[in-house]
Amino acid sequence: MGKVIVVTSGKGGVGKTTSTANLGTALALLGKTVVLVDADVGLRNLDIVLGLESRIVYTSMDVIDKQCELPKALVRDRRVDGLTLLAASQKNNKDDIQPAQMKAICDKLRSTHDFVLVDSPAGIERGFSNASAGADEAIIVTTPDVSAIRDADRIIGLLQHARIEPINLVLNRFSPELVGNGSMMNQEDVIDILNIDLLGIVPEDVGVITSTNRGIPLVYEENSAGAQAYMRIARRMTGQQIPIPDLEQRGLFTSIMNWFTRNS
């Protein structure tokens, strides 16, 4: 039986869908069978990030309405074995799906896949309830800013109330330079506030925008710092003991080297 993991944030715009796509792709590259479930009914985007939007025929709503069987609604990513997508309907809204129905879908998917990653919509309303209904575990994606962390803390409380655990943290768009000049919270401060385990840190990477627009997840770019971070997180998700790099020290070293370069 596979794991069902809801990927959520509370606040929109922190890179939750991008993280879902990249972690799912990374897990498939590691040889795992993975299905990504877009739970953002009416506002789906996961198919665009994956570059699969032109191949969507059936959605989770079609499965619920018995217009097709679940395997027929899964879109296979041809670039890597073992990765599939279950898209959300654009014609419906979040109230058209009940949490029990989403749980039933997740329970079926867990029997045929190693990992089921559910991309939750932003907010704490019905969309979040649907996305988390079938989850065993949760990944919180947040950026190191006050508003995102406050919303993440609220989501953590809801997940704990629903007895979903473990709850792990992915700190996204982390900039050692901004931490160094005091413009961004450091990882210790974020962990102290949220009080959950750190699964990984994804540094700020300009390649994310390009990869999203192209519909090619960043993890295919082996030389990208963001891609390498996602691959490390995926390995930790499979049980490998991969240390988390100290990006703050690397950022300080880079700043010192840049200073010497400018003044030499």
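- Between the N130 side chain and the G127 main chain, no donor and acceptor come within less than 3.5 Å of each other.
- With a 4.5 Å cut-off on side-chain heavy atoms, D197 and I191 do not count as touching.
- I97 CD1 to M102 CE: the interatomic distance, rounded to the nearest 0.5 Å, is 4.5 Å.
- The shortest distance between side-chain heavy atoms of V80 and Y220 falls below 4.5 Å.
- Atom CD in Q98 sits 10.0 Å away from atom OG in S129 (nearest 0.5 Å).
- Annotation for K108 and S111: closest pair O-OG, 2.6 Å, computed over non-hydrogen atoms.
- At least one donor-acceptor pair closer than 3.5 Å links the side chain of T238 to the backbone N or O of R235.
- D153 has no carboxylate O lying under 4.0 Å from a charged side-chain N of R150, or vice versa, which leaves the two without a salt bridge.
- For the pair R44 (side chain) and A88 (backbone), a donor-acceptor distance under 3.5 Å is present.
- The line from CG of L199 to CG of L171 is 11.5 Å long, rounded to the nearest 0.5 Å.
- You'll find the side chain of I155 stays beyond 4.5 Å of the side chain of K11, heavy atoms only.
- Side-chain atoms of D47 and L85, non-hydrogen and from C-beta on, do get closer than 4.5 Å to each other.
- A donor-acceptor pair under 3.5 Å is formed between the side chain of T33 and the backbone N or O of D114.
- Shown here is N213, whose CG atom has more than 12 heavy atoms of other residues, nucleotides or ligands within 6.0 Å.
- Between D189 and N186 the shortest heavy-atom distance is N-OD1, 2.8 Å.
- Looking at D81, its side chain never comes within 3.5 Å of a backbone N or O of A28 through a donor-acceptor pair.
- For the 3.5 Å distance criterion, the side chains of Y230 and S19 qualify, holding a donor opposite an acceptor.
- By the 6.0 Å contact criterion, CZ on R79 is enclosed, its count of non-hydrogen atoms from other residues, nucleotides or ligands being greater than 12.
- For the atom pair Q240 CD and R232 CZ, the distance stands at 12.5 Å (nearest 0.5 Å).
- With D205 contributing its side chain and G226 its backbone, the two residues share a donor-acceptor pair below 3.5 Å.
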- Message: Go through it in stages, so that I can follow the logic: the residues are D107 and R110, the test is salt bridge (Lys or Arg N to Asp or Glu O under 4.0 Å), and I'd like the CA-CA distance, side-chain angles, deciding distance and then a yes or no.
- Response: CA-CA 5 Å; D107 286 344; R110 78 162 76 239; 3.4 Å; yes
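- A donor-acceptor pair under 3.5 Å is formed between the side chain of D62 and the backbone N or O of T59.
- Scanning both residues, S9 and V14, for their nearest heavy atoms gives CB-CG2, 3.5 Å.
- The pair R214-E221 meets the salt-bridge criterion, with a side-chain N (NZ, NE, NH1 or NH2) lying under 4.0 Å from an Asp/Glu carboxylate O.
- Comment: K16 engages D119 in a salt bridge, judged by a side-chain N to carboxylate O separation of less than 4.0 angstrom.
- Using a 4.5 Å heavy-atom cutoff, the side chains of F174 and P144 are in contact.
- Residues N172 and G15 come closest through the heavy atom pair ND2-CA, 3.6 Å.
- A donor-acceptor contact shorter than 3.5 Å links the side chain of S89 to the backbone of N92.
- The closest donor-acceptor contact from the side chain of H113 to the backbone of L109 lies under 3.5 Å.
- At a threshold of 4.5 Å between non-hydrogen side-chain atoms, the residues V219 and L29 count as touching.
- The side-chain heavy atoms of I5 and D136, taken from C-beta on, include no pair separated by under 4.5 Å.
- Heavy atoms only, all atoms of each residue included: V118 and A131 are closest at CG1-O, 3.5 Å.
- Annotation: the span from L70 atom CG to S60 atom OG amounts to 9.5 Å, rounded to 0.5 Å.
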Could you tabulate the donor-acceptor pairs under 3.5 Å formed by side-chain atoms of residues 49-57, not counting sequence neighbours?
| unit_1 | atom_1 | unit_2 | atom_2 | d |
| --- | --- | --- | --- | --- |
| R55 | NH1 | R76 | O | 2.7 |
| R55 | NH2 | R76 | O | 3.0 |

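- Between M237 and L27 there is a side-chain heavy-atom pair separated by less than 4.5 Å.
- Listed for the S211 side chain is a donor-acceptor partner under 3.5 Å among the backbone atoms of V208.
- Salt-bridge annotation for K94 and D40: present, with a side-chain N of the basic residue lying under 4.0 Å from a carboxylate O of the acidic one.
- Residue Y58 holds its OH atom at 13.5 Å from CG of L86, rounded to the nearest 0.5 Å.
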